[in-house]
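Down below is the structure, laid out as structure tokens.
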Amino acid sequence: MAHDASQSVHEEITCREVVEWTSAYLDAHVGEDRKQQIALHLAACAGCGAYVGQIASVRDLVRLLPQTVDSPSESEQVRQAVAAKLRRQ
Amino acid sequence: MNAATTTRRESIGQSPRALPNTSSVPPRSLPNDEQRLLARLRQSDEQAFDELVTKHHGALIRMAMGHVGDREVAEEVVQDTWMAVIESLDRFEGRSSLRTWIFGIMIHKAKDRGVREKRHTTFSDFETFDEEQEDAVDPSRFHRSGEWAGHWAFPPQPWDDQTPERLLASQQAVQAMNRAIEALPVTLKDVLILRDVEGVEAKQVCDILQITETNLYVRLHRARERVRRAVETYLEGCQRAV
């Protein structure tokens with residue numbers, strides 16, 4: 001993906017293609033030609049601009065979400081098991 | 001597979017082999033803070049293990065649940081993982097980060113346990129998806145033919161600068177995002193938790209999951225899109241309610 005060069009920067013890319021490349025683009029894992037092609041498209045397409053911005057927001061939000069599966073009593077149980085194991089070592 | 005066999009395969013994809021005891025010398029390839037942590041762990045420093053458990057336990061449970069589909073079994077898998085970490089620290093060579101190594105052990109144990117537990121779970125718990133066939137976004141949102149084929153017919157409504165902050169402040173929005181993450185097929189959930197929640201580098205995610213970078217980005221994008229879609233649905237509901 002990072003070295004993709006199947007489409008020249010001069011060829012137009014569709015919104016559907018931009019959507020598929022969005023996460024790789026945001027992580028700078030696309031080749032230089034593809035990067036320029038997407039950047040050119042984004043400069044002119046409000047829909048894709050909104051879409052790429054939303055995926056970037058989701059990427060940042062999931063790290064900040066309070067996790068519902070964490071239970072203090074359960075991690076305490078693991079801590080105790082770890083401590084017991086260490087003392088037996 | 002026992003813990004020793006699992007954890008010898010520190011560099012994923014490498015054949016198991018006997019490794020020398022390296023406990024006295026922390027690997028030089030690791031960053032300084034990780035070398036210090038490793039030295040403490042190898043001295044059986046309980047506080048150091050406590051910090052490690054606090055840091056990774058939630059994500060490990062979340063990922064394990066994707067493979068075994070049962071909370072109790074996931075807890076057992078994660079506890080087994082920590083036991084294996086303690087037993088195998090001397091064989092950790094530092095070719096990967098400590099986190100990559102720990103998550104690699106957990107994934108291996110969870111997959112192993114998942115196969116054994118599968119007969120007790122419903123099919124939907126192990127939903128898979130076809131990376132080649134499935135579009136990230138519903139194709140009906142794009143023009144199918146004509147001059148604008150492949151371009152948006154129904155583009156996403158823009159979010160303003162305050163939208164992420166408002167989403168985090170809304171219990172309903174947070175629940176919607178968490179539900180979307182928990183509902184992901186395991187292959188998508190693994191990459192989202194490792195890359196976006198835990199912040200593991202793309203190359204390390206590929207090492208842990210034994211996938212290519214192309215696979216990684218196909219999966220990661222589909223996972224992010226499902227969460228984005230959950231937010232979009234939530235926001236549409238808010239608009240209708242006004």
Side-chain angles (χ1 to χ4, degrees), chain A residues 1-4 12-30 41 44-89, chain B residues 44-46 49-50 52-54 57-59 61-62 65 71 74-75 78-79 82-83 85-87 135-137 139 142 149-152 155-159 163-164 167-168 174-175 177-178 181-182 192-193 195-199 202 212-214 216-218 220-221 224-225 227-228 231-232:
Chain A
M1 206 174 244
H3 305 291
D4 179 85
E12 198 196 344
I13 190 169
T14 65
C15 299
R16 204 168 165 176
E17 288 170 305
V18 171
V19 159
E20 292 296 331
W21 284 97
T22 297
S23 286
Y25 175 75
L26 287 171
D27 263 18
H29 270 270
V30 292
H41 182 100
C45 178
C48 284
Y51 183 81
V52 172
Q54 288 173 13
I55 291 292
S57 296
V58 165
R59 174 197 61 189
D60 299 337
L61 279 170
V62 294
R63 195 170 305 182
L64 303 171
L65 289 176
Q67 288 183 28
T68 52
V69 295
D70 242 345
S71 148
S73 61
E74 167 209 307
S75 54
E76 185 52 40
Q77 207 178 346
V78 170
R79 279 192 191 88
Q80 285 173 10
V82 165
K85 173 93 176 169
L86 289 172
R87 285 173 204 141
R88 285 198 304 271
Q89 285 274 93
Chain B
S44 299
D45 180 337
E46 281 184 33
F49 273 99
D50 213 54
L52 208 58
V53 170
T54 303
H57 190 73
I61 288 279
R62 218 172 183 190
M65 278 187 70
R71 177 71 191 223
E75 286 169 18
V78 173
Q79 186 152 326
W82 288 116
M83 298 302 116
V85 167
I86 294 170
E87 286 166 9
D135 286 293
V137 172
F142 301 96
H151 292 279
W152 291 107
Q157 294 303 303
W159 298 351
T163 301
L167 290 170
L168 277 179
V174 167
Q175 277 175 355
M177 286 187 275
N178 272 329
I181 295 170
E182 298 315 322
L192 188 82
I193 291 177
R195 183 77 188 104
D196 287 350
V197 178
E198 283 288 295
T212 64
E213 279 194 8
T214 302
L216 167 70
Y217 282 106
V218 167
L220 184 60
H221 189 60
R224 287 173 177 171
E225 166 56 22
V227 180
R228 190 203 68 83
V231 172
E232 193 172 55

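Throughout, a chain's letter reflects where its sequence line sits, starting with A, and its residues are numbered from 1.
The pair B:D196-A:R59 does not meet the salt-bridge criterion, since no charged nitrogen lies less than 4.0 angstrom from a carboxylate oxygen. Electrostatic pairing of A:R87 and B:E46 counts as a salt bridge here, judged by a charged N lying under 4.0 Å from a carboxylate O.
A:C48 touches chain B through backbone and side chain together, each having a heavy atom under 4.5 Å away. In this structure, chain A has no heavy atom under 4.5 Å from any part of B:I193.
With hydrogens and angles left out, the side-chain atoms of A:S57 and B:R228 include no donor and acceptor closer than 3.5 Å.
Heavy-atom pairs under 4.5 Å with chain A peak, among B:S44, B:P155, B:P156, at B:P156. Contacts with chain A were tallied for B:P158, B:A74, B:A149; B:P158 has the most, counting heavy-atom pairs under 4.5 Å. Comparing B:R195, B:R224, B:E225 by heavy-atom pairs within less than 4.5 Å of chain A, the highest count is held by B:R224. Most heavy-atom pairs under 4.5 Å with chain A: of the set B:I86, B:L167, B:V227, this distinction falls to B:I86. Between chain A and the residues B:L168, B:D45, B:V137, B:L216, the most heavy-atom pairs under 4.5 angstrom are made by B:L168.
With B:H151 as the fixed residue, the side-chain contact (heavy atoms from CB on, under 4.5 Å) test singles out one of A:E12, A:R16, A:E17: A:E12.
Interatomic distance, NZ of A:K85 versus CD of B:Q79, reported as 10.5 Å (0.5 Å rounding). How far CH2 of B:W82 is from CG of A:L86: 11.5 Å, rounded to the nearest 0.5 Å. Considering CG of B:L220 and OG1 of A:T22, their distance stands at 11.0 Å, rounded to 0.5 Å. Taking CD of B:E232 as the start and OH of A:Y51 as the end, the distance is 9.0 Å to the nearest 0.5 Å.
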Run the side-chain contact (heavy atoms from CB on, under 4.5 Å) check on A:Q54 and B:V231 step by step: do they pass?
-> CA-CA 9 Å; A:Q54 288 173 13; B:V231 172; over 6 Å; no
Check against side-chain contact (heavy atoms from CB on, under 4.5 Å), B:E75 and A:V78 | CA-CA 9 Å; B:E75 286 169 18; A:V78 170; over 6 Å; no
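Looking at heavy atoms from C-beta onward, A:L65 lies in side-chain contact with B:I181 at the 4.5 angstrom threshold. Between B:W152 and A:V19 the shortest side-chain heavy-atom distance falls below 4.5 Å.
Within the 3.5 Å criterion, the main-chain N or O of B:D135 finds no donor-acceptor partner in the side chain of A:E20.
Across all non-hydrogen atoms, the minimal contact from A:S23 to B:H221 is OG-ND1, 2.8 Å.
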